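The structure under discussion appears below in the form of structure tokens.
Quick note: numbers below take in every heavy atom, side chains included, and nothing from hydrogens, waters or symmetry partners. Quantities reported herein were computed from a predicted structural model and do not represent experimental measurements.
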Amino acid sequence: MAPMGIRLSPLGMAVFCLLGLGVLYHLYSGFLAGRFAFFMLSEPAAGGPEAPHGSAPGGAVDLRELLAVSVLAAVRGGEEVKRVREGNVLNAKAKGKTREGAEEQLTTGDLLSNRRMFYLLKGAFPAVQINSEERVDTADQETVSWDRSIPEDIKQKIQPKEVPAESVTVWIDPLDATQEYTEDLRQYVTTMVCVAVNGKPVIGVIHKPFSSYTAWAMVDGGSNVKARSSYNEKTPRIIVSRSHAGKVEQVARQTFGNKTVIIPAGGAGYKVLALLDVPEKNQEEADVYIHVTYIKKWDICAGNAVLRALGGHMTTLTGEEISYTGSDGNEGGLIASINMNHKALIEKLPDLEKTSHK
């Protein structure tokens, strides 16, 4: 008997081919779905979810929004500073020494204020570089959100202005005048935020936690503070650090005469406010601010921005502009003034630069 042959009908062949195509479609569609999901996660689609707060298309940030968040950050940090001081739970300890050998203090107020300010700013502007006086402990991360509201006074005075995110550096001082804070000299204490664009200070916020006064200004924008109506150039009142008063006094009085007034004070933020028209009963007034030793940029950036916005100046003792990129310190001391001949001041005080190296 001959072997029996197997013959498939045309219908059977069609069914077999359809089954094969179904298996291939199932496998390949799963692969395509995975690739599509990966693409969607990697590249935001047009018309998709909003960019993070404070971010704009093309990696830009709006300086008006950044000013609003900076004011809020300074106030929120100030609340922590005030709460710790009034509760007398400072837990003060030395974190190191200055170049002059003085102990630098660190308190719970510094740390809690820093955490609140840093994470509020970072959450609103994740692409922006933020430099702070205190180290940020990632294990102690805090979620602090911004509702994107802009205070009315900022809306009225400041127009939106976008700049590339990579050009921005934010400097935070979560508690300026820590030494005075531990001594309960509350009038000197401030919290500060500064925004620099390409190294130039353009936004400054100085907040006084114990009186709730806040000064802010934006270069080529506006401010809620102004210069005083008059300043004394012939025999100026010079505000200096409490620890440096003797160094400045001798040189200043040789230049301007014995009637020159030297005002020892704490905190760089407080000293800048002394040059302005500030409605504070505990705020002293001065015509010039001088610092003759190394100082950190988070101490002076906000004040520098406020003075620039109002037409004033803050330079090294030799008249050089201070750049707020790179290292966190300023080696050349500083002299700050407003509505005065800044260049003439520097020329009258040539010996101060020598003092800064002693």
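For Tyr231 (side chain) and Leu275 (main-chain N/O), a donor-acceptor pair under 3.5 Å exists by modelled atom type. When atom types are taken as modelled, the side chain of Ser113 and the backbone of Pro174 share a donor-acceptor pair closer than 3.5 angstrom. Judged purely by atom type and a 3.5 angstrom limit, Thr255 uses its side chain to pair as donor or acceptor with the backbone of Lys348. With hydrogens and angles disregarded, no donor-acceptor distance shorter than 3.5 Å links the side chain of Thr191 to the backbone of Leu175. Listed for the Gln283 side chain is a donor-acceptor partner under 3.5 Å among the backbone atoms of Tyr270. Side-chain N or O atoms of Lys157 include one that pairs as donor or acceptor with a backbone N or O of Ser223 at under 3.5 Å. Looking only at distances, a side-chain donor or acceptor of Thr107 sits under 3.5 Å from a matching main-chain atom of Gly109. A donor-acceptor pair under 3.5 Å is absent between the side-chain atoms of Trp216 and the main chain of Val71, judged by distance alone.
Counting heavy atoms of neighbouring residues, nucleotides and ligands inside a 6.0 Å radius, atom NZ of Lys161 does not exceed 12 of them. Within a 6.0 Å radius of CG in Asn258, other residues, nucleotides and ligands contribute 12 heavy atoms or fewer.
Ion pairing between a basic and an acidic side chain is recognised when a charged N comes within 4.0 Å of a carboxylate O; Arg115 and Glu80 show no such pairing. A salt bridge is absent between Asp277 and Arg228; no separation between the charged side-chain nitrogens and carboxylate oxygens falls under 4.0 Å.
Screening Lys297, Lys95, Lys296 for a salt bridge (charged side-chain N to carboxylate O under 4.0 Å, His left out) involving Glu133 leaves a single residue, Lys95.
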